[in-house]
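Values in this document were obtained by computation on a predicted structure and should not be read as measured data. Here is the naming used below: chain letters follow the sequence lines, and residue numbers restart at 1 for every chain.
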There are 2 protein chains.
Amino acid sequence: MLPEDRKELILRELAMRGSLNAAEFAAKAGISGMTVRRDLATLADQGLLVRVHGGAVAAPENSPGPQRTASPSRPRRLPMATIGMVVPSASYYFPGVIRGAEAAAQEAGVRLVLGVSNYSVQEEQRQLRRLLDNGVDGILVTPSEVSLAGTDTLALLADAGVPVVVVERSIEDALDDGELESVRSDHGRGAEIAVNHLLQLGHRKVGLGIREGSPTGPPVTAGYHQALQRAGMPRDESLVHTVTRPRTGPEDHPGVVDRILDSFLAAGVTAAIIHSDEDALQFTSACLERRLRVPEDFAIVAYDDEIAALGAVPLSAVAPPKFDVGYQALQMCLNRIGGRRSGTGALRRVSLSPALVVRESSRS
Amino acid sequence: MLPEDRKELILRELAMRGSLNAAEFAAKAGISGMTVRRDLATLADQGLLVRVHGGAVAAPENSPGPQRTASPSRPRRLPMATIGMVVPSASYYFPGVIRGAEAAAQEAGVRLVLGVSNYSVQEEQRQLRRLLDNGVDGILVTPSEVSLAGTDTLALLADAGVPVVVVERSIEDALDDGELESVRSDHGRGAEIAVNHLLQLGHRKVGLGIREGSPTGPPVTAGYHQALQRAGMPRDESLVHTVTRPRTGPEDHPGVVDRILDSFLAAGVTAAIIHSDEDALQFTSACLERRLRVPEDFAIVAYDDEIAALGAVPLSAVAPPKFDVGYQALQMCLNRIGGRRSGTGALRRVSLSPALVVRESSRS
DNA sequence: TTGGGTGTGTTCAGTATTGTTCAACTTGTT
DNA sequence: AACAAGTTGAACAATACTGAACACACCCAA
């Protein structure tokens, strides 16, 4: 590598990250710390960066070269905006999404206002109206209902007058109404990844358990079937079970899980994907109680990764990109508010891929 | 090898990678280091590059020709990466995409290197390998084939070692192989928008003409059917025609268009979407020749918007977001290269919505 | 305030790169 | 064939760059 290249690399790192650790960079670039320090010294002389203990930070914008600009009015006031966010729940699933949106908001220096609809359509609309009346500059919303088509909420969003990003819901069927963008986890793909992982471990029959009533269920089921089909397996509906929620009380639940496990074992299933990692933990317990070893006798992948790591057997899990969904949603909204940097006026629909975290419950 | 060729090679290398190592280049070109150094000296005198210890770096943009800038503190270039882009054609459809990628590249101060595969799989792979061998930092690629599944190109991309963004192609079926992201125009949605527009104008029977062999055809057809179905219309395959390309010569083409128009009129169709605006213009001529008024007697929406505005009757057109596709693809690639600003590691799949441009041919 | 740990710059020896010089070679001309 | 002009590659001394050792400066926690 040329010395010049090295310096370029340093500046690039600095431009992208804002700061640079000398030792870290040396290791990454495979050069000695001394060389890095010398480069930093050179570049600092040219005013291209500012040395600090341990590395360097990017030079202030206003001094692209060796120069001394005495700018008394430093603090640049960012144009502050307020983004409203409405989610159905602040306890299940969405905390991750909210954290992502918060992170992006903080970075961009905008304010995020949250509303929770508790899966009530009325409440949802009330929250949205409140936000709009208060003059927010953009909206992130996860409607309670799975499909937006023809709902009052859609009508409300369609002429909100501000950019709207729909989060974790489809806008396929709402294309004429307003300028909606969307960001979603690609749960179908998440399921496919899990199935492929299990097939690769040699399992021939893979079961699926889906939590009752969850909007995540259908796409996961679809992805599951698709992955099996691609692998040339016959479609077998009997391997898909619904994990019903306890109605009479929590003590009912283990019974449901037990029956599903029975059914799996009877069908020769040796691995399963269980939606909601909470249920997956229950399921694991059921396996262990029957002296089934996990993963040797039965492999398990949880769908969702809130508490999957905490079981007696840490569970492999598909982790939906919740943080990223929130983060990207806010960025897209902001991008649409802010004066549309060059090109890029087209409405976006973004799918984010979940990631598989392999833990004990599905190791080879 | 001619001295001129050598210099040409040097400049190309420089344009491609931004820097050049003299010894390395000498070895690769099979010439002595001395000769390389002499060439570099000559080119540096002409201002075509800047010598540095160990080799040379590309000359700053603003000095394209021989000039003598006596400024010892040369204007430093921005931190820079090189992105390779491979498209099947540089004349049809992709110029818009390329422009978008170029714009984003310029904004970000990175270098964009283009390769054209001419729809040849071999050429495509050769181009990709060339780019990778030359050490690009990221790849934007539109594979020649519609589906990536199981192709050698996919294998190549899967372990490219740098971020890869697939442009205008699906990666649905390639999820296990490497970390691919994608950006595409949502042609299905484009067709839906066009259909809804025509239905809204009161048309009850809407025809569709699809250019033969285009990868855009299937999604457009699917969107067309879906929009009609949503509107409660019966599915009628007889309203969909393929616009075959002239085989014997250009004089054959009007005949094809004429027959399609015949068929439409016989079926009571009063509006049509014609894929490729070029064919749409032909189609419009055919209408006018028969004394059909456009749009009063027959409304037309072109799919694609290259020359739709230029007809005797300016055509309404669905404009795929080509520029945006290129722009976003490059940004996504860069984002993945750059040190992953907080959050946001999840792989993205982005659909961009086409826009309907209403002109004379479909006004109320 | 006082240590221990970490980061910094100096020095120096080793290595890589550079430009000079010159001989060998190619090409076109006499 | 002989020559001049231009190009190329090898040898080599001068120079630039690199990494290791080491003494010192800085930061942080007790």
A:D186 side-chain N/O to A:S353 backbone N/O, donor-acceptor pair under 3.5 Å: no
Answer yes when A:E102 and A:R99 have at least one side-chain N-carboxylate O distance shorter than 4.0 Å, and no when they do not. no
N/O to N/O distances under 3.5 Å, protein versus nucleotides 19-22 of chain D:
residue	atom	partner	partner atom	Å
D:dG19	OP2	A:S32	N	3.3
D:dG19	OP2	A:S32	OG	3.2
D:dG19	OP2	A:T35	OG1	2.2
D:dG19	N7	A:R38	NH2	2.5
D:dG19	O6	A:R38	NH1	3.2
D:dG19	O6	A:R38	NH2	3.1

Hey, which sits more toward the 5' end of DNA chain C by its nearest nucleotide, A:A22 or B:A23? A:A22
Answer yes or no: is there an ion pair linking B:E13 with B:K28, defined by an N-O contact shorter than 4.0 Å? yes
Rounded to whole angstroms, how far apart are CG on A:N21 and P on C:dT6? 12 Å
Take the protein atom NE2 of B:H53 and the nucleotide atom C1' of C:dG19, then report the distance between them rounded to whole Å. 12 Å
Starting at CG of A:D5 and ending at C1' of D:dC17, how long is that distance when rounded to a whole Å? 15 Å
Are more than 12 heavy atoms from other residues, nucleotides or ligands located less than 6.0 Å from atom CZ of B:R6? yes
Could you tell me how far apart A:E4 (CD) and C:dT18 (P) are, to the nearest whole angstrom? 12 Å
Taking the six-membered ring of A:Y93, is the NZ or CZ of A:K322 close enough (under 6.0 Å from the centre) and on axis enough (within 45°)? yes
Has A:S362 got a side-chain atom pairing as donor or acceptor with A:V358's backbone, closer than 3.5 angstrom? no
For A:R51 and C:dT6, what is the distance between atoms CZ and P respectively, to the nearest whole Å? 18 Å
Partner set under salt bridge (charged side-chain N to carboxylate O under 4.0 Å, His left out) for A:D277, not counting sequence neighbours: none
Separation of B:K7 atom NZ from D:dG6 atom C1', in whole Å? 12 Å
Given atom CG of A:L2 and atom P of C:dT17, what is their separation to the nearest angstrom? 9 Å
Lys/Arg N to Asp/Glu carboxylate O, B:R336 vs B:E181, below 4.0 Å: yes
Please report how far the helix from C:dT1-D:dA30 to C:dT30-D:dA1 bends, comparing the axis fitted to its first five pairs with the axis fitted to its last five, to the nearest 10 degrees. 30°
Can any side-chain N or O of B:T142 pair as donor or acceptor with the backbone N or O of B:V167 at less than 3.5 Å? yes
